[in-house]
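What follows is a set of notes on a single structure, which appears directly below.
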Amino acid sequence: MSEHDAAGVDAIIRVAIYETLVERGVAPTRAELAHATGLAANAVATSMARLAAAHVLVLDDAGDVRMAMPFSAVPTAFRVRSGDRAWWANCAWDALGIAAATECDIAITTECPDCGAPLTLGVRNGALQSSEGVAHFAVPAAHWWDDIGYT
């Protein structure tokens, strides 16, 4: 497969993953991606490996989507809701990214990592609503991919 063909397959897979995450709140499996795109299972797996190597996705041990930033395919401490739709975010930063990616008004719920008190943030018309609190990023952004599952 040429580099151009690979890029086209990767774009198809990437769009299918994000469309499913936005619409259903869960990541599609490799089998679902193959069915939805009409691509062979090995082409889907190879594409997902390329996307993971390019830091577009994080895959789990089985090779399925764990993260497609800003979305998490597994439950986290950051729940994002808009109307009847809900998503998991990897962190506070990604929770805000879901508002930008979906262009939706959202409510983010989490808890204070120090005391466990519930925290809520909102985004309305593309703007963060007034809120108390401080976001702390323990790992500098330049080192997030050193251990993306931790950060």
Side-chain angles (χ1 to χ4, degrees), residues 7-39 44-45 47-151:
V9 169
D10 292 354
I12 290 167
I13 294 299
R14 188 175 187 179
V15 167
I17 290 168
Y18 280 97
E19 284 178 343
T20 303
L21 277 162
V22 169
E23 291 305 315
R24 293 181 23 210
V26 297
T29 64
R30 286 173 292 152
E32 290 170 330
L33 285 167
H35 178 70
T37 63
L39 294 167
V44 170
S47 174
M48 290 174 69
R50 280 192 303 268
L51 291 169
H55 294 173
V56 174
L57 304 174
V58 176
L59 303 179
D60 63 18
D61 291 339
D64 286 312
V65 176
R66 177 176 173 198
M67 297 178 197
M69 281 57 79
F71 301 94
S72 174
V74 298
T76 68
F78 298 90
R79 192 66 163 154
V80 181
R81 296 184 189 279
S82 178
D84 63 350
R85 295 189 296 173
W87 307 276
W88 297 106
N90 300 298
C91 63
W93 188 255
D94 281 350
L96 295 172
I98 289 175
T102 62
E103 297 181 334
C104 290
D105 291 345
I106 63 162
I108 303 162
T109 54
T110 190
E111 61 182 40
C112 174
D114 180 50
C115 69
L119 300 172
T120 304
L121 295 170
V123 174
R124 301 286 175 262
N125 299 315
L128 180 63
Q129 299 300 286
S130 179
S131 181
E132 300 269 332
V134 174
H136 174 71
F137 299 93
V139 177
H143 294 286
W144 287 351
W145 282 94
D146 294 350
D147 183 357
I148 195 65
Y150 167 74
T151 57

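Numbering starts at 1 and runs along the sequence shown.
Taken to the nearest 0.5 Å, the CE atom of Met48 stands 6.0 Å off from the CG atom of Leu33. Atom-to-atom distance recorded for Glu23:CD and Tyr18:OH is 15.0 Å, nearest 0.5 angstrom. Of the inter-residue distances, the one linking Trp87 atom CH2 with Thr102 atom OG1 reads 4.5 Å to the nearest 0.5 angstrom. Taking CG of Leu21 as the start and CD1 of Ile98 as the end, the distance is 8.5 Å to the nearest 0.5 Å. In this structure, CG in Leu96 is found 10.0 Å from CZ in Phe78, a value given to the nearest 0.5 Å. Between atom CE of residue Met69 and atom SG of residue Cys91 there is a gap of 9.5 Å, rounded to the nearest 0.5 Å.
In this structure the side chain of Gln129 never reaches within 4.5 angstrom of the side chain of Leu121, judged on heavy atoms. Side-chain contact between Arg85 and Val22 is present, with heavy atoms from C-beta onward closer than 4.5 Å. No side-chain heavy atom of Asp94 sits under 4.5 Å from any side-chain heavy atom of Met67.
Contact between Thr37 and Val44 at its shortest, heavy atoms only, is OG1-CG2, 4.4 Å. Of all heavy-atom pairs between Ala138 and Pro140, the closest is O-CD, 4.1 Å. Heavy atoms only, all atoms of each residue included: Asn90 and Thr76 are closest at CA-CG2, 4.4 Å. Considering every non-hydrogen atom in both Thr20 and Ala27, the closest pair reads CG2-C, 4.4 Å. Across all their heavy atoms, Arg30 and Gly63 have their closest contact at CD-O, 3.4 Å. Counting all heavy atoms, side chain and backbone alike, Ala86 lies closest to Arg81 at CB-NH1, 3.6 Å.
Annotation: salt bridge (charged side-chain N to carboxylate O under 4.0 Å, His left out) contacts of Arg14 (sequence neighbours excluded): none.
Taking a 6.0 Å sphere around NE2 of His55, one finds it holds more than 12 heavy atoms contributed by other residues, nucleotides or ligands.
The main-chain N or O of Asp105 is found under 3.5 Å from a side-chain atom of Ser82 such that the two form a donor-acceptor pair. Put simply, the side chain of Arg124 gets close to the backbone of Ile106: a donor and an acceptor are under 3.5 Å apart.
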